[in-house]
There are 2 protein chains.
Amino acid sequence: MNPTEFYKNLADDIRLKSILLIAQEGELCVCELMAALAESSQPKISRHLAVLKSSGLLLTRKQKQWVFYSINPDVATWAQQVISLTLKENINFITPHLQALHLMGARPERIANCCE
Amino acid sequence: MNPTEFYKNLADDIRLKSILLIAQEGELCVCELMAALAESSQPKISRHLAVLKSSGLLLTRKQKQWVFYSINPDVATWAQQVISLTLKENINFITPHLQALHLMGARPERIANCCE
DNA sequence: TTGCTTTATAATAAAATTATTATATAACTA
DNA sequence: TAGTTATATAATAATTTTATTATAAAGCAA
């Protein structure tokens, strides 16, 4: 992935916020991103995640009925550094979404963890 | 400028390459960018530079008949770090354009410098 | 002044991206 | 099995972005 393609992936509110939320939380499922990005519809979020996955930025892991997205560790180091720098220096950009996420009841991770 | 807006500015080949070339060279005029990005037309380059200027990423300095573009030092530190990291780790992305630039005869800087 | 070089802008067309709506699939639950 | 939840996808419409072409303006040079 060349730099322009990489930045095209970041050049959308839902995609960038999803990446930053996932970077912050380690991994998130679609329903958690829906809770975090409450103003966006499910197909909209799914489609943007599909874009990020197909360009190799995100990985998916299916567990029970949930699909968990995480940052692909094979992403070029510089690109991962760009993501973490952006997160670190713009935490306020996703603060309201992190709050919405933490207000969500019955987050799937907990359920998933407890049944493995 | 929020992170999404910033990345929208980088999400185009001409804009990203112009920024990286300017970051590498310190400052460049439109005709030098035309030489470097030989495949692109003058209005195309001018328009993309206007976008970058109006979002505050670039500054202009007019000298004689030339307009020199440089990175705005007031750009957020994290954004400047993103730019320099991208440049440092993707120098091959602009190498052919740097070569074209250095092949250009009678670069305006020299003329400008010699007549101040 | 006239002409040339450099750069910017405006109008329109073309292309790409994004949103919306509806529907499909898969997995769990009762 | 039937119903429910979670996610994906396809079709189309809407929007945004980009390219192209033509033209304008500004500054220099003869």
Side-chain angles (χ1 to χ4, degrees), chain A residues 4-18 22 27-55 58-70 101 104-112 114-116, chain B residues 4-5 7-18 22 27-55 58-70 104-112 114-116:
Chain A
T4 307
E5 291 174 55
F6 173 65
Y7 287 122
K8 281 187 182 178
N9 278 278
L10 307 194
D12 172 272
D13 236 52
I14 290 181
R15 287 199 302 272
L16 182 56
K17 285 178 174 174
S18 296
I22 290 166
E27 107 179 333
L28 287 173
C29 72
V30 181
C31 63
E32 289 173 312
L33 287 165
M34 283 173 65
L37 305 167
E39 65 285 356
S40 294
S41 68
Q42 179 271 319
K44 199 162 143 181
I45 292 175
S46 261
R47 251 197 81 277
H48 282 295
L49 290 172
V51 168
L52 294 173
K53 183 185 178 183
S54 87
S55 46
L58 296 183
L59 287 184
T60 58
R61 175 177 76 88
K62 178 143 199 176
Q63 184 175 352
K64 302 198 168 181
Q65 69 268 52
W66 299 286
V67 177
F68 292 95
Y69 285 82
S70 54
L101 176 61
M104 177 189 183
R107 288 181 57 187
E109 288 101 340
R110 299 179 201 146
I111 297 168
C114 80
C115 308
E116 290 282 291
Chain B
T4 306
E5 291 173 56
Y7 288 122
K8 281 188 182 177
N9 278 278
L10 307 194
D12 173 271
D13 238 49
I14 289 181
R15 287 198 302 271
L16 182 55
K17 285 177 174 173
S18 296
I22 290 167
E27 104 179 335
L28 288 173
C29 72
V30 181
C31 63
E32 289 173 313
L33 287 165
M34 284 173 64
L37 307 167
E39 66 284 356
S40 294
S41 67
Q42 178 271 317
K44 198 162 140 181
I45 292 175
S46 259
R47 251 195 82 278
H48 283 295
L49 291 172
V51 168
L52 294 173
K53 182 185 178 183
S54 87
S55 46
L58 297 182
L59 286 185
T60 58
R61 175 177 75 91
K62 180 143 199 178
Q63 184 174 354
K64 300 200 169 181
Q65 69 269 52
W66 297 288
V67 178
F68 292 94
Y69 285 82
S70 55
M104 177 188 182
R107 287 181 58 187
E109 288 99 342
R110 296 178 202 147
I111 297 169
C114 79
C115 308
E116 289 283 294

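Below, chain A is the first sequence line, B the second, and so on; all start at residue 1.
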Measure across [X] and [Y] and return the closest heavy-atom pair with its distance rounded to 0.1 Å.
{"X": "A:I14", "Y": "A:S40", "answer": "CD1-OG, 3.2 Å"}
{"X": "A:L49", "Y": "A:S18", "answer": "CD2-CB, 4.2 Å"}
{"X": "A:Y69", "Y": "A:T60", "answer": "CE2-CG2, 3.2 Å"}

Rounded off to whole Å, could you give me the [atom1]-to-[atom2] distance for the [X] and [N] pair?
{"X": "B:Q63", "N": "C:dT6", "atom1": "CD", "atom2": "C1'", "result": "14 Å"}
{"X": "A:Q65", "N": "C:dC28", "atom1": "CD", "atom2": "C1'", "result": "6 Å"}
{"X": "B:E5", "N": "D:dT16", "atom1": "CD", "atom2": "P", "result": "14 Å"}
{"X": "B:I45", "N": "C:dT6", "atom1": "CD1", "atom2": "P", "result": "13 Å"}
{"X": "A:D13", "N": "C:dA19", "atom1": "CG", "atom2": "C1'", "result": "14 Å"}
{"X": "A:W66", "N": "C:dT29", "atom1": "CH2", "atom2": "P", "result": "8 Å"}
{"X": "B:Y7", "N": "C:dT17", "atom1": "OH", "atom2": "P", "result": "20 Å"}
{"X": "A:M34", "N": "D:dA6", "atom1": "CE", "atom2": "P", "result": "8 Å"}

Counting side-chain heavy atoms from C-beta on, which of [options] comes nearest to [X]?
{"X": "A:D12", "options": "C:dT18, C:dA22, C:dA8", "result": "C:dT18"}
{"X": "B:A50", "options": "C:dA22, C:dT9, D:dA19", "result": "C:dT9"}
{"X": "A:V67", "options": "D:dT7, D:dT18, C:dT18", "result": "D:dT7"}
{"X": "B:K44", "options": "D:dT20, C:dT7, D:dT7", "result": "D:dT20"}

Has [X] got a side-chain N or O lying under 4.0 Å from the OP1 or OP2 atom of [N]?
{"X": "A:H48", "N": "C:dA19", "result": "yes"}
{"X": "A:Y69", "N": "D:dA8", "result": "yes"}
{"X": "B:R15", "N": "D:dT18", "result": "yes"}
{"X": "B:K64", "N": "D:dC28", "result": "no"}

Ignoring hydrogens and angles, are the base of D:dA6 and the side chain of A:Q42 linked by a donor-acceptor pair under 3.5 Å?
no
Residue met sooner reading DNA chain D from 5', once A:K8 and A:R47 are mapped to nucleotides:
A:R47
A:R15 side chain to A:N9 backbone, donor-acceptor under 3.5 Å:
yes
Find which nucleotide of DNA chain C each of A:S41 and A:K62 is nearest to by heavy atoms, and output the residue with the more 5' nucleotide.
A:S41
pair A:T4-A:K8: side-chain heavy atoms closer than 4.5 Å
yes
